[in-house]
Number of protein chains: 2
Amino acid sequence: MPRRRSKPSESTIRRLSLYLRALEGLGEEGESTASSELLAGRVGTTAAQVRKDLSHFGSFGKRGLGYEVAPLQVHLKEILGLHRRWPVVLVGAGRIGSALFEYPHFGARGFEIVAILDRDPAKVGRRWGEVEISPMDELESVVHDRKAELAILTIPWDGAQDVAEALVAAGVRGILNFAPLQLRLPPEIEVNDVNLALEMEALSFALHLGGSQVDGVDARSGEG
Amino acid sequence: MPRRRSKPSESTIRRLSLYLRALEGLGEEGESTASSELLAGRVGTTAAQVRKDLSHFGSFGKRGLGYEVAPLQVHLKEILGLHRRWPVVLVGAGRIGSALFEYPHFGARGFEIVAILDRDPAKVGRRWGEVEISPMDELESVVHDRKAELAILTIPWDGAQDVAEALVAAGVRGILNFAPLQLRLPPEIEVNDVNLALEMEALSFALHLGGSQVDGVDARSGEG
DNA sequence: CGGGCCTTGTGAATCATTTCACAAGACCTG
DNA sequence: CAGGTCTTGTGAAATGATTCACAAGGCCCG
Ligand SMILES: NC(=O)c1ccc[n+]([C@@H]2O[C@H](COP(=O)([O-])OP(=O)(O)OC[C@H]3O[C@@H](n4cnc5c(N)ncnc54)[C@H](O)[C@@H]3O)[C@@H](O)[C@H]2O)c1
Ligand SMILES: NC(=O)c1ccc[n+]([C@@H]2O[C@H](COP(=O)([O-])OP(=O)(O)OC[C@H]3O[C@@H](n4cnc5c(N)ncnc54)[C@H](O)[C@@H]3O)[C@@H](O)[C@H]2O)c1
């Protein structure tokens with residue numbers, strides 16, 4: 001367990017990912033050192049926030065100088081668990097499933113989709129690159145054999161709960177879920193939901209209010 | 001402007017979207033009324049949270065009874081700005097772009113992709129359903145003519161800042177951004193980032209810590 | 001080697017969100 | 001219509017996150 005001074009929040013973790021990407025950019029630009037202020041600028045937060053976030057895990061900077069780009073990158077990768085390879089099972093060989101599979105950036109981070117599962121017989125047996133699509137009844141053996149602890153779930157909502165439970169039963173501990181429903185799983189299982197309709201709705205809300213709209217929601221219809 | 005008792009937080013808004021979806025489910029199941037506790041259960045929060053969230057916008061329930069499913073649905077749609085149609089411009093006719101375009105659920109919420117733009121000459125001129133892919137130099141006229149205030153940006157990071165600025169210049173006020181970079185735009189422009197690599201990294205972090213890993217991050221290398 | 005200049009790391013203070021707890025209503029039953 | 005049972009709406013309390021502010025260190029220059 002890393003030198004943990006205090007328990008980092010969910011948002012701290014998400015910012016660590018952003019710092020890591022910012023550092024990669026800085027590295028490519030030839031910078032060898034970065035202050036909390038520079039990092040904050042790249043990521044859209046404040047210098048104090050950067051320092052506080054990092055301070056949960058250790059002291060990585062030098063006073064008066066800032067942070068060294070390359071070593072901090074390494075530290076962040078270790079903190080985030082990216083110093084190792086993560087075999088991932090993808091369930092749902094549909095539209096987003098295929099977009100994700102072909103996305104090269106996952107591989108660059110150590111996430112490797114080692115198996116694809118789908119229940120559609122027309123898809124089972126096809127190959128995507130190196131990986132052949134397997135039928136659902138191989139779920140358990142595939143998860144087990146490939147030692148996959150992470151899964152990406154890109155199937156419609158009505159099958160998602162059952163499949164998620166099967167994944168967990170087979171040994172999966174973390175799920176990136178695209179199906180628009182609340183998965184009910186044991187609390188030790190980590191679930192991250194990606195809900196794109198919700199993101200659009202948040203935009204709609206912001207524009208709706210800021211815009212010209214003035215009529216609208218009246219709470220009680222005929223009360224006194 | 002709706003009856004706003006106090007300013008709702010970002011997370012309140014996101015939960016409203018979840019309540020709305022939960023209500024739709026309850027409606028389909030034939031429920032005509034729902035307590036804050038029931039709603040909380042469906043969405044994975046607490047009853048007090050549900051009531052507090054709703055209370056920012058009005059009084060929608062009846063004491064002793066709960067909330068009526070159908071009217072609350074209508075109220076939530078109005079609060080979120082979903083009572084109207086939102087024309088949307090999609091920039092980037094690639095893998096996720098096409099997945100999003102074909103996703104029927106957006107349409108069900110009033111989001112309609114009315115134009116697709118791409119800079120690849122091989123893609124320009126093709127049709128996706130009713131919509132023809134336009135070249136980038138038509139960006140301004142398309143956004144303007146279709147009165148699109150929302151855009152979805154699914155192009156690689158290196159073009160994203162320029163295209164986002166062009167969208168804003170043409171009248172777009174909200175962007176759903178898939179490119180993994182921090183867009184720098186005027187503060188009145190609403191940007192929601194979808195960063196899938198980051199979501200995977202958050203899972204990696206959680207599993208990494210909870211798991212067997214114990215070696216790890218040591219802060220200073222050769223200090224004394 | 002001392003003084004000036006920077007930037008970190010971090011308690012304390014502020015600000016935001018969530019949870020608690022309960023009075024005010026609403027309905028139903030007898 | 002009074003009493004019992006429910007569930008809302010909401011101040012107040014608790015918890016959590018961010019920002020402030022500054023002492024402690026490190027580097028460089030002269
Ligand atoms: N496409 C989008 O842009 C988008 C946007 C937001 C959310 N989503 C959500 O992502 C999920 C997938 O969307 P999509 O557009 O890729 O769908 P899709 O229909 O293109 O693909 C779904 C795939 O899952 C397979 N499948 C269905 N049920 C299954 C089951 N029980 N077990 C195993 N495989 C099963 C199907 O055979 C198909 O190959 C859905 O939940 C959808 O709501 C999609
Ligand atoms: N595919 C994924 O699963 C995935 C996951 C996470 C993030 N992303 C991000 O989403 C974005 C799109 O990913 P994708 O996989 O769909 O890429 P893609 O290469 O399949 O599609 C990108 C499309 O954008 C077009 N394009 C490129 N530059 C452009 C420009 N300057 N102006 C207009 N059009 C331009 C290309 O012609 C192409 O059609 C990228 O930023 C990527 O990092 C994708």
Side-chain angles (χ1 to χ4, degrees), chain A residues 2-16 18-19 23 26 31-69 71-72 75-76 79 217 219-224, chain B residues 2-16 18-19 23 26 31-69 71-72 75-76 79 217 219-224:
Chain A
R3 183 189 306 270
R4 229 185 323 157
R5 278 85 185 290
S6 60
K7 161 181 64 21
S9 68
E10 176 70 21
S11 23
T12 289
I13 301 311
R14 303 176 85 83
R15 281 191 299 267
L16 294 184
L18 299 178
Y19 303 151
L23 287 166
L26 288 165
E31 302 289 334
S32 69
T33 177
S35 69
S36 56
E37 194 179 353
L38 175 59
L39 228 27
R42 295 293 177 111
V43 152
T45 182
T46 65
Q49 182 79 80
V50 171
R51 296 200 299 274
K52 179 71 82 180
D53 284 341
L54 294 175
S55 78
H56 291 120
F57 300 96
S59 293
F60 305 111
K62 292 217 180 75
R63 297 175 187 215
L65 246 205
Y67 302 89
E68 286 181 73
V69 169
L72 183 55
H75 282 132
L76 287 179
I79 292 167
V217 181
R220 54 295 303 288
S221 298
E223 65 98 55
Chain B
R3 183 187 308 269
R4 229 183 326 155
R5 279 83 184 293
S6 60
K7 161 181 59 33
S9 68
E10 177 70 21
S11 24
T12 290
I13 302 311
R14 304 175 84 84
R15 282 191 299 268
L16 293 185
L18 298 177
Y19 303 150
L23 287 167
L26 288 166
E31 303 290 335
S32 69
T33 177
S35 70
S36 56
E37 195 179 353
L38 175 60
L39 229 27
R42 296 294 178 110
V43 152
T45 182
T46 65
Q49 182 78 81
V50 171
R51 296 200 298 276
K52 180 70 85 179
D53 284 341
L54 294 175
S55 78
H56 291 121
F57 300 96
S59 293
F60 306 110
K62 290 216 182 74
R63 296 174 187 214
L65 246 204
Y67 302 88
E68 288 181 72
V69 169
L72 183 54
H75 282 133
L76 287 178
I79 292 166
V217 181
R220 56 290 308 286
S221 298
E223 64 100 48

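Here is the naming used below: chain letters follow the sequence lines, and residue numbers restart at 1 for every chain.
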*Of the candidate nucleotides D:dG26, C:dA26, D:dT10, which contains the atom at the shortest distance from the side chain of B:Ser55?*
D:dT10
*Report the distance from atom NZ of B:Lys52 to atom P of D:dT15, rounded to the nearest whole Å.*
16 Å
*Return yes if some donor-acceptor pair links the side-chain N/O of A:Thr33 with the main-chain N/O of A:Glu68 below 3.5 Å, else return no.*
no
*Would you kindly give the CD-to-C1' distance between A:Glu37 and D:dT19, to the nearest whole Å?*
15 Å
*Heavy atoms only: give me the nearest B:Val69-B:Leu23 pair and the separation to one decimal.*
CG1-O, 3.5 Å
*Round to a whole Å and report the spacing from CG of A:Leu38 to C1' of C:dT8.*
15 Å
_Expressed as a whole number of angstroms, how long is the span from A:Glu10:CD to D:dT15:P?_
21 Å
*Would you please confirm or rule out a distance under 4.0 Å between OP1 or OP2 of D:dG16 and any side-chain N or O of A:Ser9?*
no
*Shortest non-hydrogen contact from B:Ser35 toward B:Tyr67*: C-CD1, 4.4 Å
_At less than 4.0 Å, is any side-chain N or O atom of B:Gln49 found next to OP1 or OP2 of C:dT19? Yes or no._
yes
*For C:dA26, take OP1 and OP2 only and decide whether either is under 4.0 Å from a side-chain N or O of B:Tyr67.*
no
*Can you tell me how far P of C:dG25 sits from CZ of B:Phe60, to the nearest Å?*
19 Å
*Between D:dT7 atom P and B:Arg63 atom CZ, what is the distance in whole Å?*
14 Å
*Does A:Glu31 CD have over 12 foreign heavy atoms under 6.0 Å away?*
yes
*Toward the 5' end of DNA chain D, which comes first, B:Gly64 or A:Ser11, by nearest nucleotide?*
B:Gly64
*Any A:Arg15 side-chain N or O less than 4.0 Å from OP1/OP2 of D:dT18*: yes
*Assign B:Ser36 to base, sugar-phosphate, or nothing according to its heavy-atom contacts below 4.0 angstrom with the strands shown.*
sugar-phosphate
*NA contact type, A:Thr45, heavy-atom cut-off 4.0 Å: base, sugar-phosphate, or nothing?*
nothing
*Round to a whole Å and report the spacing from CG of A:Asp53 to P of D:dA17.*
11 Å
*5'-most by nearest nucleotide on DNA chain D - A:Leu65 or B:Arg51*: B:Arg51
_Shortest non-hydrogen contact between A:Arg51 and A:Ser36, atoms and distance_ = NH1-OG, 3.1 Å
*Figure out the OH/C1' separation between A:Tyr19 and C:dT8, and round it to whole Å.*
14 Å
